[in-house]
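Written below as structure tokens is the structure these notes are about.
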Amino acid sequence: MAKNLTTREQDYSKWYNELVIQADLAENSGVRGCMVIKPYGYGIWEKMQAELDRMFKETGHENAYFPLFIPKSYFSKEASHVDGFAKECAVVTHYRLKNDENGKGVIVDPDAKLEEELIVRPTSETIIWDTYRKWIQSYRDLPLLINQWANVVRWEMRTRLFLRTSEFLWQEGHTAHATKNEAIAEAEQMIHVYSDFVENYMAVPVIIGVKTESERFAGAIETYCIEALMQDGKALQAGTSHFLGQNFAKAFDVKFANKEGKQDYVWATSWGVSTRLMGALVMTHSDDNGLVLPPKLAPIQVVIIPIYRGDEEFDKVSEVALELQKELRAKGLRVKFDNRDTQKPGWKFHQYELKGVPVRIAVGPKDIANGTFEVARRDTLKKEVMLKNEVVDKVSGLMDEIQKNLFSRALDNRTEHTTEVSNYDEFKQVLDTKGGFISAHWDGTLETEEKIKNETKATIRCIPSDVEKEEGTCMVTGKPSRERVLFAKAY
RNA sequence: CGGGGUGUAGCGUAGCCCGGUUAUCGCGCCACGUUUGGGACGUGGAGGCCGCAGGUUCGAAUCCUGCCACCCCGACCA
């Protein structure tokens, strides 16, 4: 374990890479662009999964599982979909290896070429809609509300742990509806489920909005998104929910008999969040001492560290610590008593700080004599001595307090780094000096959006949904604008 | 995929230009002892296909070719 973490000030990107590795979340593997998610990192992901899964089920969805492989022909059925993903697909062409005749190792058996190549799914719309054709005949079969937890592969040029990996874990919801309005309502509902989760569990504030045409999902009519702002002033797309219209139903011929007895194509949505959320979590809250985790997602919420000399003291301290652990667990907290004799207290303090455990409690002979505990919170790094009879209530109260503090700290950062500008010069200046979200007027054309992107690298992150519309003139062309949109440099 | 860089013990590194005894140092690891309220110290010890595969040579970590991976900059990124 390296002792020093690069600071955010020195090199934000390096800080992130080092932190993910040092906090034991994940590491690079021998496979290009693919990561190994380590137990601690996976533990956080499991917490995320559990909450999201619960929320999906509460909104009427069921889980299912579809194949990893998609026949190539399925892919070509929806034209814009193939445009969006073709360049980053891994393709299976053979099904057998054999021993190399002139030497060592194995080679691909040229005789084992597949009749039709299989695509490793970059997303599952095609295979799912091909299946839905068989499941849907009548309006009585609708709505069909399915989610799957899966891995997908997108052959990215440049990868970064969690933020962009060739293989990643995610969930993808795929729903089918009888009417357009119902499908739109579903897509909107799910983006709100995402924002609820990201804000209330991850403590990461997000802006809800819709994507511009150029940023839209391949095959979607409308893409709803949540955008978060990282500490370095760059935006991160945290989740998307798509209204797909009848595009996939038409491509895969999924029709149903409506109440009037007429055949109609079904209306679709799809929505997803991925292990990228782990990156958002790390980059939003963590500091130069390491990870900072929101209590609701921390695998360990409270760690108890014993301080002692000799076996006799250890036994006494252990007794008190175990009692405290029991009481805290009775309050529903995830508590670890780290009674390892192989590491010293100071080492443990640093270790759990690096891993972002929200609350640390130290207990030693002095505490036993005084009837106290030393309680340190990770978010503020402040220590407080608490009396034995108050510690359980106070610590469980801290969970809520830390959760709220992390959110408000992140929200303050976003507020500070959100700027309204009135002209293009100001826009460029803010982008260069301050970064963050920039709210500006845009004429709604692809050309202007493209020009801004080429000249500044900033993209339109979204057209925010929950704000009052304000008319104005485009900062670039001076043409009329119906509303402000949100620009930023993005991950 | 283009430009640049890197790959030597679990991690970080010296050596490479200019080939030649047993590959350097620190952290970590193991044993024993002393320690334990913010990353302990001493003594002893283990650990190496020098990224992989070929080639040149009496001899390769070092020179040449190919490949793989990682980092930085670009392009790409629903």
Side-chain angles (χ1 to χ4, degrees), chain A residues 1-6 11 13-14 16-18 21-22 27-35 78 80-89 100 103-105 122-125 152 154-161 163-166 168 170 172 211-225 236-237 239-244 247 270-274 276 289-290 305-311 313-314 317 339-354 360-370 372-374 376 381 383 385 453-454 457 459 490-491:
Chain A
M1 182 69 65
K3 285 189 177 172
N4 294 311
L5 188 61
T6 298
D11 186 339
S13 163
K14 202 171 169 197
Y16 174 82
N17 288 333
E18 288 179 6
I21 287 164
Q22 289 190 26
E27 63 189 29
N28 280 306
S29 70
V31 188
R32 175 208 283 273
C34 296
M35 64 179 164
E78 215 288 332
S80 59
H81 196 65
V82 76
D83 280 350
F85 288 105
K87 284 170 290 183
E88 51 189 48
C89 284
D100 188 1
K104 315 149 198 173
T123 180
S124 302
E125 273 80 3
V152 288
R154 297 181 191 177
W155 215 257
E156 301 288 354
M157 295 300 176
R158 249 176 98 177
T159 56
R160 292 188 71 191
L161 292 170
L163 295 175
R164 177 168 290 114
T165 47
S166 297
F168 55 92
W170 78 343
E172 44 182 328
K211 288 290 184 189
T212 61
E213 191 187 344
S214 69
E215 299 272 332
R216 214 172 273 157
F217 178 73
I221 307 291
E222 186 86 281
T223 289
Y224 301 84
C225 63
L236 184 75
Q237 177 177 299
T240 49
S241 177
H242 315 288
F243 167 57
L244 300 171
N247 291 347
S270 69
W271 28 274
V273 294
S274 71
R276 185 179 230 206
N289 295 311
I305 296 174
I307 292 155
Y308 57 92
R309 297 165 191 259
D311 288 349
E313 249 178 38
F314 175 73
V317 168
N339 62 356
R340 286 179 295 174
D341 190 36
T342 51
Q343 312 294 349
K344 299 185 53 169
W347 187 90
K348 291 177 186 172
F349 289 173
H350 281 266
Q351 191 64 200
Y352 290 106
E353 230 157 69
L354 186 58
R360 181 189 73 226
I361 301 177
V363 53
K366 284 186 214 163
D367 296 298
I368 292 178
N370 300 334
T372 58
F373 293 98
E374 184 194 82
L381 295 168
K383 287 191 253 189
V385 174
K453 184 179 175 182
N454 290 337
K457 289 183 189 166
T459 51
Y491 274 98

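In what follows, chains carry the letters A, B, and so on, assigned in the order in which the sequence lines appear, proteins first and then strands, with residues in each chain numbered from 1.
Of the possible donor and acceptor atoms, one in the side chain of A:Glu172 sits under 3.5 Å from a partner among the backbone N and O of A:Ser124. Without hydrogens or angle criteria, A:Lys348 side chain to A:Arg340 main chain gives a donor-acceptor distance under 3.5 Å. Side-chain N or O atoms of A:Gln351 include none that pairs as donor or acceptor with a backbone N or O of A:Trp347 at under 3.5 Å. Between the side chain of A:Arg154 and the backbone N or O of A:Glu88 there is no donor-acceptor pair closer than 3.5 Å. Between the side chain of A:Asn28 and the backbone N or O of A:Met35 there is no donor-acceptor pair closer than 3.5 Å. Side-chain atoms of A:Thr165 never come within 3.5 Å of backbone atoms of A:Gly33 as a donor-acceptor pair (strictly under, hydrogens ignored).
The same atom, C1', is picked in B:rC50 and in B:rU22; the two are 15 Å apart, to the nearest Å. Using C1' as the reference atom, B:rC29 and B:rA75 are 44 Å apart when rounded to the nearest Å. Rounded to whole Å, the separation between the C1' atoms of B:rC73 and B:rC58 comes to 45 Å. On the P atoms, B:rG54 is 14 Å away from B:rA60, given to the nearest whole Å. Taking the P atom of each, B:rC30 and B:rC16 are spaced 34 Å apart, rounded to whole Å. Distance noted for atom C1' between B:rU13 and B:rC18: 22 Å (whole Å). Going from the P atom of B:rU8 to that of B:rA53 covers 15 Å, rounded to whole Å. Across B:rC49 and B:rC32, the matching P atoms stand 28 Å from one another, rounded to whole Å.
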Scan nucleotides 5-8 of chain B against the protein and return all N/O pairs shorter than 3.5 Å with their distances rounded to 0.1 Å.
none

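When only modelled atom types and interatomic distance are considered, A:Tyr308 and A:Asp341 share a side-chain donor-acceptor pair under 3.5 Å. Side-chain contact annotation: A:Thr223 with A:His242, donor-acceptor N/O pair under 3.5 Å present. Inspection of the A:Glu78 and A:Ser80 side chains reveals an N or O donor paired with an N or O acceptor under 3.5 Å. Side chain to side chain, A:Ser166 and A:Glu156 fail the donor-acceptor criterion of an N or O pair below 3.5 Å. Residues A:Thr372 and A:Asp367 have side chains that bring a donor and an acceptor to within less than 3.5 angstrom of each other.
Going from atom CD1 of A:Ile305 over to atom C1' of B:rG39 covers 12 Å, rounded to whole Å. Atom OH of A:Tyr491 and atom C1' of B:rC76 are 18 Å apart (whole Å). Nucleotide B:rC77 holds its P atom 17 Å from the CH2 atom of A:Trp170, rounded to whole Å.
Looking at residues two or more places apart in sequence or on another chain, you find a side chain to side chain donor-acceptor pair (under 3.5 Å) between A:Glu353 and A:Arg360. Partners of A:Trp170 under the ring-ring contact (aromatic ring centres under 6.0 Å, His included) rule, at least two apart in sequence or in another chain, are A:Phe168.
Within a 6.0 Å radius of CG in A:Asp311, no more than 12 heavy atoms belonging to other residues, nucleotides or ligands are found.
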Give the B/S/- string for nucleotides 66-74 of chain B, one per nucleotide from 5' to 3', where a protein heavy atom under 4.0 Å of the base yields B, of only the sugar-phosphate yields S, and otherwise -. ---SS-SBB
I'd like to compare against my own output: the B/S/- annotation of nucleotides 31-38 of chain B with a strict under-4.0 Å heavy-atom distance to protein. -----BBB
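Taking a pair as Watson-Crick or G-U wobble with both distances under 3.5 Å, the runs of three or more consecutive pairs in RNA chain B are B:1-7 with B:68-74, B:10-12 with B:25-27, B:29-34 with B:40-45, B:51-55 with B:63-67.
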